[in-house]
Amino acid sequence: MEKLVQRSWILEILIVLLFGGIFFRLTLLHLRPESWITKPIEKSRALEFRPVGSRGKILDRNGEILAADVAAYHVVLDPKYISEHGDAFRVKEVLSSVLKLDRERVSAALVDPNRRYVRLVKYVPARKLEFFDRVFQGVAYRPDDETSVVLKGVLLEEAPIRSYPKGSLMAHVLGFSNREGVGSAGIELRYNNYLKGKEGHRSSKKDGRGREVYSARELDIPPENGATVVLTLDQQIQYVTEKAIEKICFEYDAKGAWAIVQDVRTGEILSMASFPKFDPNRYGRAPKEWLRNQAISVNFEPGSTMKAGVVSKAIDKDLVTPKDRFDCENGSWAYGGRRLNDSHAEGILSVEDILKVSSNIGTAKIALMMGDQRLYEGLKEFQFGEQLGVGLPGEEAGIFHSTNYWSKISATRIGMGQGISATALQVLSMMSAIANDGFQMRPYLLKQVVSDRGEVLQESEPELLGQPISRSTALQMQRMLARVVSEEDGTGTKARVEGYSVGGKTGTAQKVKPREEGGGYYDKRFTSSFVGFIPVENPQLAIIVVADDPGVYTESGRKISYYGGTVCGPAFRDIAEFSVRYLRISPEGRTVYMNRFE
Amino acid sequence: MGKKRKKPNRRRQEVRVPFPTILVGVLTLSVVIGAGYMSINIRCSGLGKQIKLQERELVETQKRLMVEQDKWASRTAPINLERALAHHGLEMEMPESRQVIRIEAWKGSKDTLALNRRQAR
């Protein structure tokens, strides 16, 4: 009996030991498995995934989407599967009609039944494939509630793309990002570090079918989407600006044109346009020259628009007053062995009239009175020869040599905008300073950068560049520049805006002939411009319009319609007229609520 | 005098198998732990599947949202609005100066509005 009891105990202990052993082993395998067992298993089950955060959006000042990453797909065919299990006729029919392809092209993709992978079309935006659903081994096409066609062997491979939903609008400012999602021009390049998303990391295990086992997920760092860049541009003003410069090119046969609208009080750029334009969705198809943002990257001799800067500095230095008179030599004057001409013969003119009729001789005499050094320093204070730092790659600084390189006649030429090169942005900035009571604000395009979590990473504030002229000089200049537009014999009458007073200056400069062509200036090729502000009573907006080589030839071979006032004045008017109404700026320069009155 | 033989105790001679308390305890504990483990595992897998499903749904919804936003942005582009207006034969113009009522903040008080009907020039 005792033996039996003893045996039963032994049995119990053995069973307990056995279970205990199994339990211990299981626990050990579960908690601290041996590497030689687990390594190959883990290797085959490991799932490493690095999801990429999408690139940040670019918005205009009102939150309109200008650029964003959207889903897109490569349409891929499996000819072998289609020939064995699918319906080649339907595949051809549906894909050719939905993707607007030749049936022959689809047929050619299916011609070899042994192939397993043929990429039919790359980067098809998801909106074009909205009637397609992915199903097992194919796609289902459901154009309406009743129709459903399953296309076996047709696959959609994810390939997100950068979309610019406004097409060519603001293309030169936005730039573009390449297929790898790297900013390659404009804002896309300048703020690439903010815009690019951060890669995430997911480390997990997969089951026999290759699907992730969630409970085995060891590491999950989600990807971070890129930050949103908000610009100061306004799509409506931009559109009107682009239309106006496009019109110049068609009406006056200009090779190109560019324009900028700036808020004079803050320096914010409200629109910046350049023509010829391109569509950033298809940037590869545009000629290289078209990709250039001419508003900031073309140095041109500004011509008479520069007179506003020269005269303002002369008044500011108390060298002249608006009423001082100069002999304009009846339109022809020899100085330093070279002759200087005016387009209209004028006798004795006051400083304000010199500006109004844009007399080269009068301005040259004012510039001479200033002296080389004072003229150079005065224009330097307007930031000529310096980058303004608008926040775009490719911004030029202009060419403004120091007085060491000047000749005896340099001052007379620089006074009328020859022998100095500037960008449209620099000329506009000079006019903005005059309009802003002498305070020059830094022009800027970036309003703010906001992270995906809503945190403001960068914000632009109005920044004072300097005060090149005093307030009293600026006010005198504003009145003088208003006469250029408002008085019948002024050069800028075509820039008038009904109900508003406009101040501005025209410019028509001969283009510089390259050294290969002998140097000097072309006789009949000009850069025409108009730069001005509105309303004179309380300036709010400054606008510049520049046209490259405009003008039409008469039958007798004479070139007409190339003057800045003729070519760019109307474009200025169109832009200003829309902008003041759209921004609700009253003729007195106040922002008002406007409504239609019957 | 011979020894009196004791009558064998029948009850003591019965084979008594003691109840395996420890074994049962260990087995019950193992079953409870195992069942608990399985239950938690099944629940975790279920939740994991749900999370994965929702993650996928979230990604798909975000993609759809972006596509819709992109479409909307394209439709509200000024050039497309202009085309749409032309397509429907609608002509829209900015009001002329004489058609505009301007209401400006009165300098005397922040809350008072002054009405200023500008005459056509």
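Hydrogens, waters and symmetry mates play no part in the numbers below; they use all other heavy atoms, side chains included. Naming convention: chains lettered A, B, ... in sequence-line order (proteins, then strands); numbering from 1 in each chain.
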Taking the side chain as C-beta and beyond, is there a heavy-atom pair between A:Lys166 and B:Asn80 under 4.5 Å? no
Less than 4.5 Å apart, side chain to side chain, heavy atoms only: is that true for A:Glu242 and B:Ile79? no
Using distance only, find each side-chain donor-acceptor pair of residues 57-64 of chain B under 3.5 Å and give its atom names and separation, not counting sequence neighbours.
residue : atom : partner  : partner atom : Å
B:Thr61 : OG1  : B:Glu57  : O            : 2.6
B:Lys63 : NZ   : A:Glu158 : OE1          : 2.9
B:Lys63 : NZ   : A:Glu158 : OE2          : 2.7

Non-hydrogen atoms of chain A under 4.5 Å away: do they reach the side chain of B:Ile51, the backbone, both or neither? side chain
Heavy-atom pairs under 4.5 Å with chain B, option from A:Ser54, A:Ala126, A:Ser163, A:Pro160 with the top count: A:Ser163
Hey, could you give me the CD1/OG1 distance between A:Ile65 and B:Thr76, rounded to the nearest 0.5 Å? 8.5 Å
To the nearest 0.5 Å, how far apart are CG in B:Leu23 and CG in A:Leu11? 8.5 Å
Using every non-hydrogen atom in the two residues, find where [X] and [Y] come nearest and quote the distance to one decimal.
X        : Y        : answer
A:Gln235 : B:Pro78  : OE1-CD, 3.2 Å
A:Ala68  : B:Met66  : CB-CE, 3.3 Å
B:Glu55  : A:Asp220 : OE2-OD2, 4.3 Å

Residue set satisfying ring-ring contact (aromatic ring centres under 6.0 Å, His included) with A:Tyr123, at least two apart, ordered chain then number -> A:His74
Residue-level contacts of residues 33-46 of chain B with chain A, using a heavy-atom cutoff under 4.5 Å: B:Ile33, B:Tyr37
Taking atom NZ as the centre, does A:Lys205 end up with more than 12 heavy-atom neighbours from other residues, nucleotides or ligands that are less than 6.0 angstrom away? yes
Does B:Arg75 CZ have over 12 foreign heavy atoms under 6.0 Å away? no
Side chain, backbone, both or neither: which part of A:Glu64 has a non-hydrogen atom closer than 4.5 Å to chain B? side chain
Within residues 16-26 of chain A, the residues sitting under 4.5 Å from chain B by heavy atom, in sequence order, are A:Val16, A:Phe19, A:Phe23
